[in-house]
Each structure stands twice: as C-alpha cells, then as structure tokens.
Amino acid sequence: MAYNRYQYETSPRKLKPEYETIKKTYPKKSTARKTNKKVNVKNSRANQTKILLYVALGFSALFVISYRYSVIDKNYSDLTKLKTELGIIEKETAQLEANIESSLNLNRIEQEATELLGMKKLSPEQKVYVTLPKKDYVETSSEEIKSINSNSNWFMQIIDKIINTLK
C-alpha cells in the first residue's frame with residue numbers, strides 16, 4: 001500500500017471577502033472571420049448614401065415629369081386662346097368681305113364719282129389717238145458709262161484724261 005499522508009476534507013474553509021469581485025467577461029473566440037466595425041460603418045454609410053441618391057433621383061424624375069405636364073398644359077391653353085382669336089378674326093374678315101362686295105356695285109361707284117368727286121364720262125373730243133410704227137426698234141447706247149472716282153488722287157486723274165484723249 002501506498003503511504004499517503006493526505007487526508008481528505010481537512011483543508012480550511014475559505015472566507016468570503018467583504019466586497020464582490022468584478023469578473024471580466026471575455027468574448028468567446030469563434031472560428032468565424034472577424035469583421036471590422038469600421039468597415040461595417042463605412043458599408044452602412046455607403047448604403048445610406050445609395051438610398052439617399054435613389055430617393056433624390058426619384059424626386060427629380062417626378063419633378064421633371066410634373067414640369068413637363070405643366071408646360072404642355074400651358075401650351076394647350078395658349079393654343080385654345082389663339083384658336084378663339086383666329087375664329088373672331090375670321091368672322092370679322094368675312095363681314096368686311098361682305099361689305100366690300102356690296103360696295104363694289106358699278107352703278108354705286110359711278111354715282112359716287114359723279115356726286116362726290118364731280119367726275120364726268122369721257123367725251124369724244126377728249127380722246128386722242130396715237131399711231132405707232134409696226135416694228136419696235138431698240139437702240140443700244142454707244143456711250144461708255146464712266147464712274148467718277150473721287151478717291152483717286154490728282155495724278156491718276158491726269159493719266160485718265162491723257163488716255164481718254166488718245167482714244
């Protein structure tokens with residue numbers, strides 16, 4: 001037999017301290033990849049900016065569409081106004097044409113000419129007959145058209161006069 005001097009349950013009891021000890025808890029180590037919190041923050045910011053960009057693009061597209069419809073509506077209202085003005089002007093021109101046609105009566109024109117202007121019909125004594133030759137002759141001018149150059153100096157004018165006398 002072995003000679004063992006240890007006696008079981010003979011150790012003194014441990015006293016509890018008056019204060020409580022703070023136990024630090026360490027995270028459990030895992031075999032999964034470690035992710036960096038900074039990378040996650042950057043990714044979340046990138047996602048937020050993407051979402052903000054999409055929202056801004058959506059609002060701008062809606063703004064462009066609504067602006068286009070407002071321009072179309074304005075042009076349509078301008079078109080209807082112009083059509084109504086055209087109808088009014090066409091009615092006025094039709095009335096004026098009717099007035100002109102009624103005033104173009106030859107008897108009425110003759111009456112106004114004699115009464116208001118004191119005109120008379122042409123008498124045979126006032127008629128003058130002119131006889132013209134049967135052929136029509138066209139004569140060309142034999143003169144040369146000379147332009148007066150006021151910009152030329154006195155020496156050039158003397159040379160031009162000498163050349164003209166020699167011709």
Side-chain angles (χ1 to χ4, degrees), residues 27-28 30-167:
K28 293 182 180 179
S30 65
T31 58
R33 283 183 143 175
K34 292 183 179 179
T35 58
N36 194 353
K37 289 185 179 181
K38 290 182 181 179
V39 174
N40 286 339
V41 170
K42 287 182 182 178
N43 286 341
S44 67
R45 285 185 183 169
N47 288 338
Q48 288 175 354
T49 56
K50 282 183 184 178
I51 291 170
L52 185 64
L53 181 65
Y54 289 140
V55 169
L57 286 174
F59 277 121
S60 63
L62 291 174
F63 177 74
V64 167
I65 290 170
S66 64
Y67 177 73
R68 185 182 70 176
Y69 280 122
S70 68
V71 169
I72 290 171
D73 187 40
K74 181 183 174 288
N75 288 340
Y76 181 74
S77 65
D78 290 343
L79 179 68
T80 54
K81 286 179 185 177
L82 290 173
K83 282 184 179 180
T84 56
E85 288 177 9
L86 178 66
I88 291 169
I89 291 172
E90 285 178 346
K91 287 179 183 178
E92 289 177 0
T93 54
Q95 289 175 354
L96 291 174
E97 285 177 355
N99 289 340
I100 290 171
E101 286 178 6
S102 68
S103 67
L104 285 180
N105 188 358
L106 291 177
N107 293 331
R108 185 172 175 198
I109 293 173
E110 184 179 346
Q111 181 183 5
E112 286 182 6
T114 56
E115 290 177 1
L116 296 176
L117 301 175
M119 299 175 102
K120 296 181 182 177
K121 285 192 173 185
L122 191 62
S123 65
E125 294 92 27
Q126 293 174 334
K127 295 179 184 177
V128 176
Y129 294 101
V130 178
T131 57
L132 295 174
K134 300 268 182 180
K135 292 186 177 179
D136 190 22
Y137 295 103
V138 178
E139 295 182 12
T140 59
S141 64
S142 60
E143 295 180 10
E144 220 175 278
I145 300 173
K146 298 178 183 177
S147 62
I148 301 172
N149 293 333
S150 61
N151 294 338
S152 62
N153 57 14
W154 59 273
F155 183 71
M156 291 299 289
Q157 290 176 357
I158 293 173
I159 292 175
D160 287 339
K161 287 182 182 179
I162 293 172
I163 292 173
N164 288 338
T165 55
L166 292 177
K167 284 185 181 180

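The shown structure was predicted, so the numbers you read here are calculated from the model rather than taken from an experiment. When a residue number appears, it is its place in the shown sequence, counting from 1.
To the nearest 0.5 angstrom, E97 atom CD is 10.5 Å from N99 atom CG. Annotation: the span from T84 atom OG1 to I89 atom CD1 amounts to 9.5 Å, rounded to 0.5 Å. With values rounded to the nearest 0.5 angstrom, K120 atom NZ is found 11.0 Å from T114 atom OG1. Separation of atoms OH (Y67) and CD1 (I72) is listed at 11.5 Å; rounding is to 0.5 Å.
For I158, the side chain to side chain contact (heavy atoms under 4.5 Å, CB included) test picks out W154, I162, with sequence neighbours left out. Checked against salt bridge (charged side-chain N to carboxylate O under 4.0 Å, His left out), K91 has no partners two or more places apart in sequence or in another chain. Residues satisfying the side chain to side chain contact (heavy atoms under 4.5 Å, CB included) criterion with S123, sequence neighbours excluded, are E125, Q126. For D78, the salt bridge (charged side-chain N to carboxylate O under 4.0 Å, His left out) partners are K74, not counting sequence neighbours. N107 pairs by the side chain to side chain contact (heavy atoms under 4.5 Å, CB included) definition with N105, not counting sequence neighbours.
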Please tabulate, for side-chain N and O atoms in residues 47-59, each donor-acceptor pair with protein atoms closer than 3.5 Å (sequence neighbours left out).
from : atom 1 : to  : atom 2 : distance (Å)
N47  : ND2    : N43 : O      : 3.3
T49  : OG1    : R45 : O      : 3.2
T49  : OG1    : A46 : O      : 2.7

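Looking only at side-chain heavy atoms (C-beta outward), E112 and L117 stay at 4.5 Å or farther from each other. Looking at I100 and L104, their side chains come closer than 4.5 Å, going by heavy atoms from C-beta outward.
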>> Run the side-chain contact (heavy atoms from CB on, under 4.5 Å) test on E110 and M119 for me, step by step, so that the C-alpha distance in whole Å, both residues' side-chain angles and the decisive distance to 0.1 Å come before the verdict.
In response: CA-CA 9 Å; E110 184 179 346; M119 299 175 102; over 6 Å; no

>> The test is side-chain contact (heavy atoms from CB on, under 4.5 Å); show your working for N75 and V71 and say whether it passes.
In response: CA-CA 6 Å; N75 288 340; V71 169; 3.8 Å; yes

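A donor-acceptor pair is defined here as one N or O able to donate and one able to accept, closer than 3.5 Å; no such pair exists between the side chain of D73 and the backbone of Y69.
Salt-bridge annotation for K81 and E85: absent, with no side-chain N of the basic residue lying under 4.0 Å from a carboxylate O of the acidic one.
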